[in-house]
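So the structure is just underneath, and the comments pick up after that.
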2 protein chains.
Amino acid sequence: MLTDKAPAGLQDHLGYWLRLVSNHVSAAFARRLDGQGVTVAEWVMLRELHGAAPLPPSRLADRMGMTRGAISKLADRLLDKGLLARTADPDDGRAHTLSLTDAGCVLVPTLARLADQNEAEFFAILTAAEKEAVEAALRRVVAHRGLTGMPVS
Amino acid sequence: MLTDKAPAGLQDHLGYWLRLVSNHVSAAFARRLDGQGVTVAEWVMLRELHGAAPLPPSRLADRMGMTRGAISKLADRLLDKGLLARTADPDDGRAHTLSLTDAGCVLVPTLARLADQNEAEFFAILTAAEKEAVEAALRRVVAHRGLTGMPVS
DNA sequence: GACGGCTAGTTTCCTTGTCAACAAGGAGGA
DNA sequence: TCCTCCTTGTTGACAAGGAAACTAGCCGTC
């Protein structure tokens, strides 16, 4: 064979386990949300707007780690579902703001409950101390590398 | 406002931090791979085939957590790049097997080095004990929930 | 040996994201 | 004022994966 000696296996990387678990958590959550006719990205946007002042799309793009183009289309879909409103900024002719409709506001707590269930179900085997330790470690990585804006996919 | 009391924030969920870090690790790795003209999914397939017997696409689909359709197209792309060979099974007229070309074999260690660098750079702030703890916790989640087949995206 | 059902891979269509081009509006300087 | 440059949001072309239809080949049963 034309190979060097075998390199480190995928499973030797922390990144592998992170992604394995993370993807499964997301996939399971997506299945739950599916029953409510909502995607994960839509949930994130709804959550981002819930209980907050109306936000311009560009701000959401930053916070959600997506491009403005993606936000624009995502907003369109939520608009079609009647969960979101798009309002022109009276002061700046270019700007718009996005906010939840009443239906959107009502829906969020339901979805949040699904998120809680998903979280609980997945990490049930871990003790509180373990969860704390993992979260603390991840927070340190985030802080140290200045990570910001969750890429939705 | 028409809301319940505010639900738990996204950042109160372990899943949030998992995905935030995981996505950034993947994105950073993708940028590194980009210099080699390879995507993350392609890397995973190459890695999966490296130093192993030729595998049928269906087997890769299981191991990589993708559909057979996706594997089919992914294999096409790697074929075009000359990194992979598709061979008809002489015993079973339906079956094929995928294996690395010499070029593919040669490339994998280079990519593996990039993966190692990425891993090291991201988790440099964590002590060995912390990394161990996180990995152990994640492994327990995986074992307990019977997670298998890393969904590539 | 032919037929109904299975299995392996591929292909088609749909979704959802990125990137780049674009239109429209604002802001500042000559 | 008018010109230039920047910013905001949208749109169109493309990429990549999932679901399901489709093709081809196997296999057990009659």
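Note that the coordinates shown come from a computational prediction; the quantities given were computed from them, not determined experimentally. Reckoned from all heavy atoms, side chains included, excluding hydrogens, waters and symmetry mates.
Nearest nucleotide to the side chain of B:M66, out of C:dT16, D:dT7, D:dG18: D:dG18. Closest to the B:R68 side chain, of the nucleotides C:dA8, D:dG9, D:dG18, is C:dA8. If you check D:dT10, D:dA19, C:dT16 against the side chain of B:T67, the one that comes closest is D:dA19.
Enclosure of atom CZ in A:R140 by more than 12 non-hydrogen atoms of other residues, nucleotides or ligands within 6.0 angstrom is indicated. Summarising the local packing, CD of B:E132 is surrounded by 12 or fewer heavy atoms from other residues, nucleotides or ligands at distances under 6.0 Å.
Per the geometry, CG belonging to A:L74 stands 15 Å off P belonging to C:dT15, to the nearest Å. Taking atom CD1 on A:I71 and atom C1' on D:dT8, their separation rounds to 14 Å, with Å as the unit. Protein atom CG of A:L55 is 11 Å distant from nucleotide atom P of D:dG9, rounded to whole Å. Here the P atom of nucleotide D:dG9 and the CG atom of A:L79 are 15 Å apart, to the nearest Å. A:L60 has its CG atom 14 Å from the P atom of D:dT8, to the nearest Å. Between the CZ atom of A:R31 and the P atom of D:dG18 there is a distance of 13 Å, given to the nearest Å. One atom, CG of B:D89, and another, C1' of C:dT10, lie 17 Å apart when rounded to the nearest Å. For the pair A:D76 CG and C:dT15 P, the computed distance is 14 Å after rounding to whole Å.
If you check distances only, the side chain of A:R94 never reaches the base of D:dG9 with a donor-acceptor pair under 3.5 Å.
Mapped onto DNA chain D by nearest heavy atom, A:H96 and B:G69 fall at different nucleotides, with A:H96 at the one closer to the 5' end. Each of A:P57 and A:K73 was assigned the nucleotide of DNA chain D with the nearest heavy atom; the assignment lying further toward the 5' end belongs to A:P57. Heavy-atom distances to DNA chain C give each of A:T39 and A:D91 a nearest nucleotide, and the one nearer the 5′ end belongs to A:T39.
Across A:R47, A:K73, A:K81, a single residue satisfies salt bridge (Lys or Arg N to Asp or Glu O under 4.0 Å) together with A:E42, and that is A:K81.
Across all strands shown, B:R86 has heavy atoms under 4.0 Å from sugar-phosphate atoms exclusively, and none from any base. Within the nucleic acid shown, B:D92 comes within 4.0 Å of sugar-phosphate atoms alone, with no base atom in reach, counting heavy atoms only.
Counting only heavy atoms from C-beta outward, the side chains of A:R86 and A:S72 approach each other to under 4.5 Å.
In this structure, A:F122 CZ and B:H13 NE2 are separated by 13.5 Å, a value rounded to the nearest 0.5 Å.
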